[in-house]
K.L.:
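Following this message is one structure expressed as structure tokens.
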Amino acid sequence: MFKDHKILSASVERLWQTIERSAEIGPGKAGGLNRPALSTADGEMRDHLSDWASQAGCTLKVDRVGNMFLCRDGLEPDLPPVMIGSHLDTQVAAGRFDGILGVLAGLEVIRSLNDLGISTRRSVVVANWTNEEGVRFQPPMMGSGVFSGALDADEVLALTDDKGQSFGDALDCIGYAGNDDMPNGEIDSYFELHIEQGPILDTMGL
């Protein structure tokens, strides 16, 4: 447990390198990204996240609609976990931090806990929600919608894109049609780091 007053700190350099690597997958315009949900690029990015999760000692779970859960067990794993997450899919012309930062920051939390040898009481779970942006399949926020119980998984899997391919078939194509049963709503708390997309930070020179 955390008893010796270690300074909690993340590796900014490591997080930046991870973000930069993610920005090489599905490149878009002007240094941005084009990585719609369930595209080949989305599958490649998911593969990298899966590898990073394994290297960090996490167990990867994937539910029926492709939501990814990177699980770092706590000392009392039966307790509802602390969840950190966002999404890896992007708009057609997207920034390299939108959504992605929220997932990779969660990964950095786990990496930092590992570096410091800290065991947590509750498990920590990093989530990558499928199709938050709603570019290829509508509506948006499908993965988190199914997880929260707002959307039905069978109905989501049957939805089709403009070319007639179903959500379920697209999941199969990229290898992320899972069967892990993640209990809806049974979490202790949820955190999502997200980039501010208005002009405020730019105006302030930050």
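Throughout, residue positions are numbered sequentially from 1 according to the sequence presented. Values in this document were obtained by computation on a predicted structure and should not be read as measured data.
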K.L.:
Does the Thr160 side chain pair with the main chain of Ser166, one donor and one acceptor, at a distance under 3.5 Å?
P.N.:
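No; judged by distance alone, with no hydrogens or angles, the pair does not exist.
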K.L.:
For residues Ile174 and Thr40, determine if any side-chain heavy atom of one lies less than 4.5 Å from a side-chain heavy atom of the other.
P.N.:
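No, too far: nothing below the 4.5 Å cut-off.
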K.L.:
Side-chain contact, heavy-atom cut-off 4.5 Å: Leu70 with Leu60?
P.N.:
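SC-SC contact between Leu70 and Leu60 confirmed.
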K.L.:
Measure across Ala41 and Gly26 and return the closest heavy-atom pair with its distance rounded to 0.1 Å.
P.N.:
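For Ala41 and Gly26, the tightest heavy-atom pair comes out as CB-CA, 3.8 Å.
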K.L.:
Distance from Leu101 atom CG to Arg96 atom CZ, nearest 0.5 Å?
P.N.:
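Nearest 0.5 Å value for the CG-CZ distance: 12.5 Å.
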K.L.:
Apply side-chain contact (heavy atoms from CB on, under 4.5 Å) to Ser54 and list each qualifying residue two or more places apart in sequence or on a separate chain.
P.N.:
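Here no residue qualifies.
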K.L.:
What residues form a ring-ring contact (aromatic ring centres under 6.0 Å, His included) with Phe69, not counting sequence neighbours?
P.N.:
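For Phe69 the ring-ring contact (aromatic ring centres under 6.0 Å, His included) partners, ignoring immediate neighbours, are Trp129, Phe147.
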K.L.:
Pairs in or reaching into residues 62-76: which pass side-chain hydrogen bond (donor to acceptor under 3.5 Å, both in side chains), with residues at least two apart or in two chains?
P.N.:
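Qualifying pairs: Asp63-Asn67, Arg64-Asp154, Arg72-Asn114, Glu76-Arg121.
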K.L.:
Taking side-chain contact (heavy atoms from CB on, under 4.5 Å) as the definition, give me every residue that meets it alongside Gln138, ordered by chain and number, with sequence neighbours left out.
P.N.:
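Expected list: none.
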K.L.:
Show every side-chain hydrogen bond (donor to acceptor under 3.5 Å, both in side chains) that has at least one partner inside residues 80-94, sequence neighbours left out.
P.N.:
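Residue pairs with at least one partner in residues 80-94: Ser86-Glu192, His87-Asp89, Gln91-Glu133.
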K.L.:
Which Ile, Leu, Val, Met, Phe, Trp or Tyr residues join Val12 in one cluster when any pair of side-chain heavy atoms under 4.5 Å counts as a link?
P.N.:
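Besides Val12, the hydrophobic cluster comprises nothing; the residue is isolated.
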K.L.:
Salt bridge (Lys or Arg N to Asp or Glu O under 4.0 Å) with Glu13: which residues, sequence neighbours excluded?
P.N.:
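Not a single residue meets the salt bridge (Lys or Arg N to Asp or Glu O under 4.0 Å) criterion with Glu13.
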K.L.:
Of all the heavy-atom pairs spanning Ser144 and Glu132, show the shortest one and how long it is.
P.N.:
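Nearest heavy atoms, Ser144 then Glu132: OG-OE2, 2.8 Å.
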K.L.:
Could you give the distance from OG (Ser22) to CD (Gln17), rounded to the nearest 0.5 Å?
P.N.:
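The OG atom of Ser22 sits 12.5 Å away from the CD atom of Gln17.
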K.L.:
Are Leu49 and Leu171 connected in the hydrophobic side-chain network, where two residues link if heavy atoms are under 4.5 Å apart?
P.N.:
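The answer is yes; both residues are in one hydrophobic cluster.
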K.L.:
Can you confirm whether Leu206 is buried at CG, in the sense that more than 12 heavy atoms of other residues, nucleotides or ligands lie under 6.0 Å from that atom?
P.N.:
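More than 12 heavy atoms, drawn from other residues, nucleotides or ligands, come within 6.0 Å of this atom.
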K.L.:
With sequence neighbours excluded, give me every salt bridge (Lys or Arg N to Asp or Glu O under 4.0 Å) pair touching residues 77-86.
P.N.:
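For residues 77-86: none.
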K.L.:
Treating Ile, Leu, Val, Met, Phe, Trp and Tyr as nodes and any side-chain heavy-atom pair under 4.5 angstrom as an edge, say whether Phe137 and Val92 lie in one connected cluster.
P.N.:
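The answer is no; the residues belong to distinct hydrophobic clusters.
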K.L.:
Run the side-chain contact (heavy atoms from CB on, under 4.5 Å) test against Arg122 and tell me which residues pass, sequence neighbours left out.
P.N.:
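Here the qualifying residues are Leu79, Pro80, Val82, Asp188.
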K.L.:
Between Ser39 (side chain only) and Asp42 (backbone N and O only), is there a donor and an acceptor less than 3.5 Å apart?
P.N.:
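Yes; judged by distance alone, with no hydrogens or angles, the pair exists.
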K.L.:
Can you run down the side-chain hydrogen bond (donor to acceptor under 3.5 Å, both in side chains) pairs that involve residues 27-38, sequence neighbours left out, and say none if there aren't any?
P.N.:
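Sorted pair list comes back empty.
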K.L.:
Please tabulate, for the side chains in residues 102-111, all donor-acceptor contacts under 3.5 angstrom to protein atoms that are two or more places apart in sequence or on a different chain.
P.N.:
unit_1	atom_1	unit_2	atom_2	d
Glu108	OE1	Arg14	NE	2.9
Glu108	OE2	Ser11	N	3.0
Glu108	OE2	Arg14	NE	3.4
Glu108	OE2	Arg14	NH2	2.7
Glu108	OE2	Ser112	OG	2.9
Arg111	NH1	Thr18	OG1	2.9

K.L.:
Can you name the residues that form a salt bridge (Lys or Arg N to Asp or Glu O under 4.0 Å) with Glu24, not counting sequence neighbours?
P.N.:
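Here the qualifying residues are Arg21.
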K.L.:
Rounded to the nearest 0.5 Å, what separation is found between the SG atom of Cys71 and the NZ atom of Lys61?
P.N.:
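Between Cys71 SG and Lys61 NZ, I get 5.0 Å after rounding to 0.5 Å.
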K.L.:
Stepwise, does the side chain to side chain contact (heavy atoms under 4.5 Å, CB included) test hold for Val65 with Met142?
P.N.:
CA-CA 8 Å; Val65 295; Met142 280 186 183; over 6 Å; no
K.L.:
Can you confirm whether Met45 sits close enough to Ile100 that some side-chain heavy atom of one is under 4.5 Å from a side-chain heavy atom of the other?
P.N.:
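No, every pair of side-chain atoms sits at 4.5 Å or beyond.
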K.L.:
If we ignore hydrogens and angles and just use 3.5 Å, is the side chain of Tyr176 paired with the main-chain N or O of Leu38 as donor and acceptor?
P.N.:
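A pair under 3.5 Å: no.
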K.L.:
Flag yes if Met141 and Ile187 sit in one hydrophobic cluster, no otherwise; membership is Ile, Leu, Val, Met, Phe, Trp, Tyr, and two members link when side-chain heavy atoms are under 4.5 Å apart.
P.N.:
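No, separate clusters.
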K.L.:
Can you tell me how far apart CG (Leu113) and CG (Leu8) are? Round to the nearest 0.5 Å.
P.N.:
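Nearest 0.5 Å value for the CG-CG distance: 7.5 Å.
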K.L.:
Where is the tightest heavy-atom contact between Gly99 and His194, given as atom of each residue plus distance?
P.N.:
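Distance-wise, the nearest heavy atoms are N-NE2, 3.8 Å.
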K.L.:
Between the main-chain N or O of Ala37 and the side-chain N or O of Asn131, is there a donor-acceptor pair closer than 3.5 Å?
P.N.:
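No; zero donor-acceptor contacts below 3.5 Å.
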